[in-house]
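Notes to accompany the following structure.
One-based numbering, in listed order, for ligands and for the atoms of each. Scope of the values below: all heavy atoms of this structure, side chains included, with no hydrogens, waters or symmetry mates.
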Amino acid sequence: MSTAAALDAADPLAHLRARFAGAGSDLVYFDGNSLGRPVAAAADRLSEFVQHQWGERLIRGWDERWMELPTDLGDDLARICLGAAPGQTAIGDSTTVWIYKLMRAAVDHAVRTDPARTEIVIDTDNFPTDRYVAEGIAAERGLTLRWIEVDTSAGVTADQLREAVSERTALVVLCHVAYRSAWLADAPELTRIAHDAGALVLWDLCHSAGSVPIALDEWDADLAVGCTYKYLNGGPGSPAYGYVSARLQGDLTQPIQGWMGHADPFLMGPGYAPAPGIRRFISGTPPILGMVAMQSMLEVVEEAGIGAIRAKSVALTSYAVELADATLPGVTLASPRDPAQRGGHVTLHHERMREVTARLWERDVIPDYRDPGGLRIGLSPLSTSFDEVERGMAAVAEALR
Ligand SMILES: *Cc1c(COP(=O)(O)O)cnc(C)c1O
């Protein structure tokens with residue numbers, strides 16, 4: 001038996017791969033960290049939704065289920081993937097909009113409490129949207145961005161954060177898993193460092209939820225956001241989620257105070273009065289249709305268990321690294337070598353990776369490319385086999401030759 005076949009035979013989650021539409025084809029999918037494959041059962045769920053929930057219940061659906069869906073599904077997501085108690089997570093909007101709302105709420109609260117807190121600490125390799133929104137908020141509120149310069153093949157360390165925070169810090173913005181390198185941040189330690197300096201922390205979980213265990217409550221996290229179309233397979237443009245710790249909800253005011261965050265939306269009264277709890281962070285009508293497919297994925301994640309998913313993820317990325325070392329001369333690893341410091345993808349560096357990526361796409365091998373010279377191999381744990389990794393890495397070797 002080949003190594004890949006032996007690894008697949010020993011994989012306790014191998015049977016779950018058949019739950020994903022298209023996973024049985026010869027195509028090698030190395031981009032489940034950007035857009036997860038659909039769970040096959042999502043097709044029936046969507047059809048049932050259109051025919052029965054929408055088609056028959058019509059406007060009654062809002063009273064019967066949809067008004068509560070952003071927070072009910074938020075609680076499911078929190079239990080299955082985020083390590084968070086109920087009442088702290090809501091689904092809706094895009095990650096970018098959640099980042100804006102929670103960043104603004106956090107810095108306004110910090111400045112109100114202590115006007116000397118005028119800085120947002122963020123790293124230079126944070127995801128573009130996080131950096132751009134921070135830039136906009138700094139301009140809007142007269143704040144300063146304090147940049148942590150990071151190695152693009154690693155991420156923010158405890159020492160770096162300790163040096164950056166001070167009595168001037170209002171908010172620290174960090175990614176749990178770095179989108180480029182897959183650096184897995186030491187979230188409990190970094191949260192503690194920010195708190196010791198009196199600052200709040202916003203965690204971006206886009207590249208970790210569904211692939212890496214998260215314990216927001218245990219970390220004593222303040223705020224978090226993430227998308228649902230990567231490892232949570234919600235489909236293109238499926239809505240994001242926001243988490244606000246219960247201990248902060250009453251103190252924070254979000255900037256897009258729409259009718260759906262009102263204490264009594266159908267009172268349609270003259271002024272805004274925020275709903276209690278996490279509901280006040282909702283703005284407009286929730287995107288119910290966009291929440292259908294992710295429900296199928298959450299069921300599969302719960303069945304597998306996040307611990308087992310992480311174990312398979314580590315095995316998959318370790319196998320990809322082993323093959324890269326053995327078969328790709330001139331290629332260097334632009335991700336942490338220690339699996340304990342690495343999330344669910346692996347980035348390989350070579351100056352010709354841009355053209356290599358184009359050649360691979362022509363052959364139905366689908367990774368993605370990130371400057372500088374990075375071939376990003378995303379290994380969505382439940383829908384990727386070791387055989388797929390072996391075939392894909394052989395194609396990378398051939399494309400490089
Ligand atoms: C994918 C991703 C986003 C995406 O934001 P959208 O508003 O959904 O486009 C944000 N942050 C990180 C870290 C990401 O990986």
Side-chain angles (χ1 to χ4, degrees), residues 30-37 70 74 77 81-82 89-104 106 120-137 148 150 152 154-156 171-185 187 190 201-212 214 216 221 223-243 254-256 281 283-284 286-287 290-291 293-294 297 313 334-335 342-347 367-371 374 376-380:
F30 281 170
D31 220 356
N33 60 327
S34 282
L35 178 67
R37 282 184 181 279
L77 172 69
C81 297
L82 307 182
T89 308
I91 299 184
D93 300 322
S94 65
T95 311
T96 301
V97 170
W98 271 114
I99 291 172
Y100 178 75
K101 296 203 292 191
L102 298 191
M103 249 191 218
R104 261 290 302 267
I120 300 173
V121 170
I122 186 167
D123 62 292
T124 50
D125 206 32
N126 204 312
F127 192 79
T129 215
D130 304 59
R131 291 183 280 111
Y132 303 159
V133 171
E135 204 180 302
I137 286 180
I148 299 175
V150 292
T152 55
V156 179
L171 176 68
V172 176
V173 181
L174 295 166
C175 281
H176 188 207
V177 169
Y179 79 101
R180 204 191 308 266
S181 68
W183 171 267
L184 176 60
L190 297 179
V201 195
L202 169 62
W203 282 103
D204 186 328
L205 308 173
C206 280
H207 266 89
S208 59
S211 106
V212 174
I214 294 166
L216 289 173
L223 306 158
V225 297
C227 65
T228 62
Y229 50 78
K230 290 172 180 164
Y231 294 107
L232 296 172
N233 307 47
S238 60
Y241 53 90
Y243 161 96
Q254 65 117 331
I256 307 179
F281 298 93
S283 295
M291 297 182 203
M294 74 176 81
M297 182 58 175
S313 169
S335 292
R342 189 171 69 216
H345 65 275
V346 168
T347 301
D368 65 19
Y369 174 80
R370 291 289 180 270
D371 263 333
R376 211 168 57 146
I377 298 184
L379 302 169
S380 193

Side-chain heavy atoms of Trp203 within contact of Leu190, under 4.5 Å: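 Side-chain contact under 4.5 Å: yes.
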
Ala334 backbone acceptor or donor facing Ser181 side chain under 3.5 Å: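 The answer is no, because no donor-acceptor pair under 3.5 Å joins these two groups.
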
Pairing residues for Tyr243 by the ring-ring contact (aromatic ring centres under 6.0 Å, His included) criterion, not counting sequence neighbours: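 Here no residue qualifies.
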
Partner set under ring-ring contact (aromatic ring centres under 6.0 Å, His included) for Trp183, not counting sequence neighbours: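 So Trp183 forms no ring-ring contact (aromatic ring centres under 6.0 Å, His included) with any residue.
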
Partner set under side chain to side chain donor-acceptor pair (under 3.5 Å) for Arg104, not counting sequence neighbours: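 With neighbours one apart ignored, the set is Tyr100, Asp108, Glu140.
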
Check ligand 1 for close polar pairs with the protein: N or O on both sides, less than 3.5 Å.
unit_1   : atom_1 : unit_2 : atom_2 : d
ligand 1 : 7 (O)  : Thr95  : N      : 3.4
ligand 1 : 7 (O)  : Thr96  : N      : 2.8
ligand 1 : 7 (O)  : Thr96  : OG1    : 2.5
ligand 1 : 8 (O)  : Thr95  : OG1    : 3.3
ligand 1 : 8 (O)  : Tyr229 : OH     : 2.6
ligand 1 : 11 (N) : Asp130 : OD1    : 3.3
ligand 1 : 11 (N) : Asp204 : OD2    : 2.8
ligand 1 : 15 (O) : His207 : ND1    : 2.9
ligand 1 : 15 (O) : Lys230 : NZ     : 2.5

Derivation of the side chain to side chain contact (heavy atoms under 4.5 Å, CB included) call for Leu202 and Val225: CA-CA 8 Å; Leu202 169 62; Val225 297; 4.0 Å; yes

